[in-house]
Amino acid sequence: VLSNPSVCEDGNGGCYVAFSSNTISSHPIICQHLDSNGAILWGKQGKLITNTFPSQYYQAYPSLVNDNGKGVFITFYDNNNQSPNPGLYAQRLNFKGAKQWGNYGSVIELAADIRQPIAISDGKNGIAVAWTNYGITGFNYQLRMNRLNHNGELQFTGGSEKINTIEGIGFGPFFRLILSKKKNYIIVWTSDAFSTTKVFSQKIDPLGNFLWGSSEIKVRDTTSESDYPDILSDGTDGAYYVWLDARKVNVALGIFAQHITSNGI
């Protein structure tokens, strides 16, 4: 059984693909490189993302980012119950598939229940990563974020930043992360932990500081359900938003849009 496929361009007309392989004992993540004709470049078996078999244990949620045509960044969750502990990791492979950040990769966050990591280019030769991390009570997840430079070193000096400050985000939240023109990061997410689903957003600078106030902006806060937001840079330092919305009476669902400017208006 194969699962969790992820893909990104390689900057040279081809692509990288990563997936969880349950056909191998310990369920590792495999990465493969294809050229513009679909030819496999890293052998029939591809590349194991961490150290050699069998140290991987139930890896999941790969997310890929092109390394400026020179290789690929990959983030993933590893449920390894031995050293170096369960958590969110990152690895960088060069164009030939050789690991650049050691056998295990770089630790982003150690925790037993991390879900849905999303990695994007950080605009500074590294990556920005967002993920959900299980909280203390109920289905109360935290949305967290950090950056890694090209050497795999974390860049938020105070550690990973908790993005949702108003309320928990529930089980299986939906979120998107983009890079703005001024190389800040705008993130949108849903919150459904304690009430009807709402849509929130925040802008974060490269050091992890909030740029739209100490609390997130309410893109859509209502008694009717709002869900599945998507986001696009507006070409400056703001963003366009779309989402599924149930505000209309006697209408099952609609699609609504909003524009939030660079200063959060």
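With sequence neighbours excluded, the residues satisfying salt bridge (Lys or Arg N to Asp or Glu O under 4.0 Å) with E109 are R144. Looking at residues two or more places apart in sequence or on another chain, you find a ring pair (Phe, Tyr, Trp, His ring centres under 6.0 Å) between Y228 and F174. Partners of W131 under the side chain to side chain donor-acceptor pair (under 3.5 Å) rule, at least two apart in sequence or in another chain, do not exist in this structure. Every residue two or more places apart in sequence or in another chain was checked for a side chain to side chain donor-acceptor pair (under 3.5 Å) with S233, and none qualifies. By the salt bridge (Lys or Arg N to Asp or Glu O under 4.0 Å) test, D237 is found to be paired with K203, residues two or more places apart in sequence or in another chain being considered. For Y241, the side chain to side chain donor-acceptor pair (under 3.5 Å) test picks out S201, with sequence neighbours left out. Considering only residues two or more places apart in sequence or on other chains, N4 meets the side chain to side chain contact (heavy atoms under 4.5 Å, CB included) condition with S20, A60, Y61, P62. Listed by chain and number, the residues in a salt bridge (Lys or Arg N to Asp or Glu O under 4.0 Å) with D122 are R147 (sequence neighbours excluded). For S3, the side chain to side chain donor-acceptor pair (under 3.5 Å) criterion is met by no residue, not counting sequence neighbours. In this structure, F175 has no ring pair (Phe, Tyr, Trp, His ring centres under 6.0 Å) partners at least two apart in sequence or on a different chain.
Listed for the W189 side chain is no donor-acceptor partner under 3.5 Å among the backbone atoms of I163. At least one donor-acceptor pair under 3.5 Å links the side chain of Q202 to the backbone N or O of W212. Of the possible donor and acceptor atoms, none in the side chain of N37 sits under 3.5 Å from a partner among the backbone N and O of A39. Checked by atom type and distance alone, the side chain of Q45 never pairs as donor or acceptor with a backbone atom of G43 at under 3.5 Å.
Screening residues 5-16 for side-chain hydrogen bond (donor to acceptor under 3.5 Å, both in side chains) gives D10-H33 as the qualifying pairs, with residues at least two apart or on separate chains. Within the structure, salt bridge (Lys or Arg N to Asp or Glu O under 4.0 Å) contacts touching residues 61-70 (residues at least two apart or in different chains) are D67-R92.
Residues Y89 and V107 have side chains in contact (heavy-atom distance under 4.5 Å, counting atoms from C-beta outward).
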